[in-house]
*Asks:* 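Just dropping this structure here.
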Amino acid sequence: MANEQRRYSDLGRIDRNILRELQRNGRLTYAELARSVGLTSTPCMERVKRLEREGFIKAYAAILEPEKVDASFVVFVMVRVARTSPSVFDEFEAAIKALPEVQECYLVSGNFDFLLKARVADMSAYREFYGEKLLAFPGIQESISYTAMEQVKETLEIPLGGRH
């Protein structure tokens with residue numbers, strides 16, 4: 001089986017546990033990770049490197065505190081684009097990728113075409129982002145914004161089911 005075709009269900013218990021542990025704390029040393037999954041450091045490091053090569057581990061990142069970096073205001077925006085040309089979706093996607101305020105963007109089914117999650121400092125910053133950046137995109141037909149009042153849950157962990 002080619003590496004890029006391996007899936008989570010093809011992994012053994014130790015590799016699955018390595019993925020679980022690294023999702024919880026990507027800064028574990030190989031020694032700490034090895035201890036938690038029942039290996040010694042060298043075989044653990046080899047497994048992590050293989051999981052990286054095979055694409056199971058995409059990246060490592062620091063999770064910042066939004067309030068400390070003036071990005072505590074969260075808004076979700078549903079956008080409908082005018083289907084004036086076959087390339088309108090591609091153009092919108094390319095423009096959205098260039099906006100650092102947009103953390104996530106999904107093409108969705110239903111009454112709208114895209115769902116965005118954006119982070120800015122406050123309502124004033126959102127008005128500026130919305131009016132000067134988002135609405136400046138050609139082809140936007142309609143949008144609806146929902147501001148988050150309180151964060152109930154946020155995680156970057158992907159649920160890893162199957163055999164343990």
*Asks:* Would you call Lys49 and Glu46 a salt bridge, taking side-chain N to carboxylate O under 4.0 Å as the test?
*Replies:*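 No, this pair does not count.
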*Asks:* Given the rule that I, L, V, M, F, W and Y join up when any side-chain heavy atoms are under 4.5 Å apart, are Leu22 and Leu39 in one cluster?
*Replies:* yes
*Asks:* Given the rule in the side-chain hydrogen bond (donor to acceptor under 3.5 Å, both in side chains) test, do Tyr126 and Ser145 qualify, once you have shown the distances and angles that lead to the verdict?
*Replies:* CA-CA 10 Å; Tyr126 177 63; Ser145 299; 2.4 Å; yes
*Asks:* Does Arg16 reach the main-chain N or O of Leu11 with its side chain, forming a donor-acceptor pair under 3.5 Å?
*Replies:* yes
*Asks:* Begin from the C-alpha positions of Ile144 and Phe112 and carry the test side chain to side chain contact (heavy atoms under 4.5 Å, CB included) through to its verdict.
*Replies:* CA-CA 9 Å; Ile144 296 178; Phe112 285 83; 3.5 Å; yes
*Asks:* May I have the step-by-step check of side chain to side chain contact (heavy atoms under 4.5 Å, CB included) for Val74 and Thr147, ending in yes or no?
*Replies:* CA-CA 6 Å; Val74 177; Thr147 58; over 6 Å; no
*Asks:* Salt bridge (Lys or Arg N to Asp or Glu O under 4.0 Å), that's the test. Do Glu101 and Lys117 meet it? Break it down for me.
*Replies:* CA-CA 8 Å; Glu101 297 90 345; Lys117 176 186 175 187; over 6 Å; no
*Asks:* Taking Phe114 as the fixed residue, which of Phe89, Tyr106, Phe76 is the one that meets the ring pair (Phe, Tyr, Trp, His ring centres under 6.0 Å) rule?
*Replies:* Phe89
*Asks:* Hey, mind stepping through Val79 and Phe137 against side chain to side chain contact (heavy atoms under 4.5 Å, CB included) and telling me if it holds?
*Replies:* CA-CA 11 Å; Val79 175; Phe137 289 1; over 6 Å; no
*Asks:* Is it the case that over 12 heavy atoms from other parts of the model lie below 6.0 angstrom from the CG atom of Asn25?
*Replies:*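 Atom CG in Asn25 is packed in, count exceeds 12.
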*Asks:* Indicate yes or no for a side-chain donor-acceptor contact from Arg83 to the backbone of Val88 under 3.5 Å, with no hydrogens or angles considered.
*Replies:*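 Side chain of Arg83 to backbone of Val88: no pair is present.
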*Asks:* Check whether any side-chain N or O of Asp113 sits under 3.5 Å from a backbone N or O of Val81 as a donor-acceptor pair, and report yes or no.
*Replies:*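 Yes; at least one donor-acceptor contact below 3.5 Å.
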*Asks:* Is a side-chain donor-acceptor pair under 3.5 Å present for Tyr60 with Glu52?
*Replies:* yes
*Asks:* Using every non-hydrogen atom in the two residues, find where Phe56 and Arg6 come nearest and quote the distance to one decimal.
*Replies:* CZ-O, 3.6 Å
*Asks:* Does Phe73 have Arg119 sitting over its ring (NZ/CZ under 6.0 Å from centre, angle to axis within 45°)?
*Replies:* no
*Asks:* If you take all heavy atoms of Ala125 and Val120, which pair is closest and at what distance?
*Replies:*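 Heavy atoms of Ala125 and Val120 come nearest at CB-CB, 3.9 Å.
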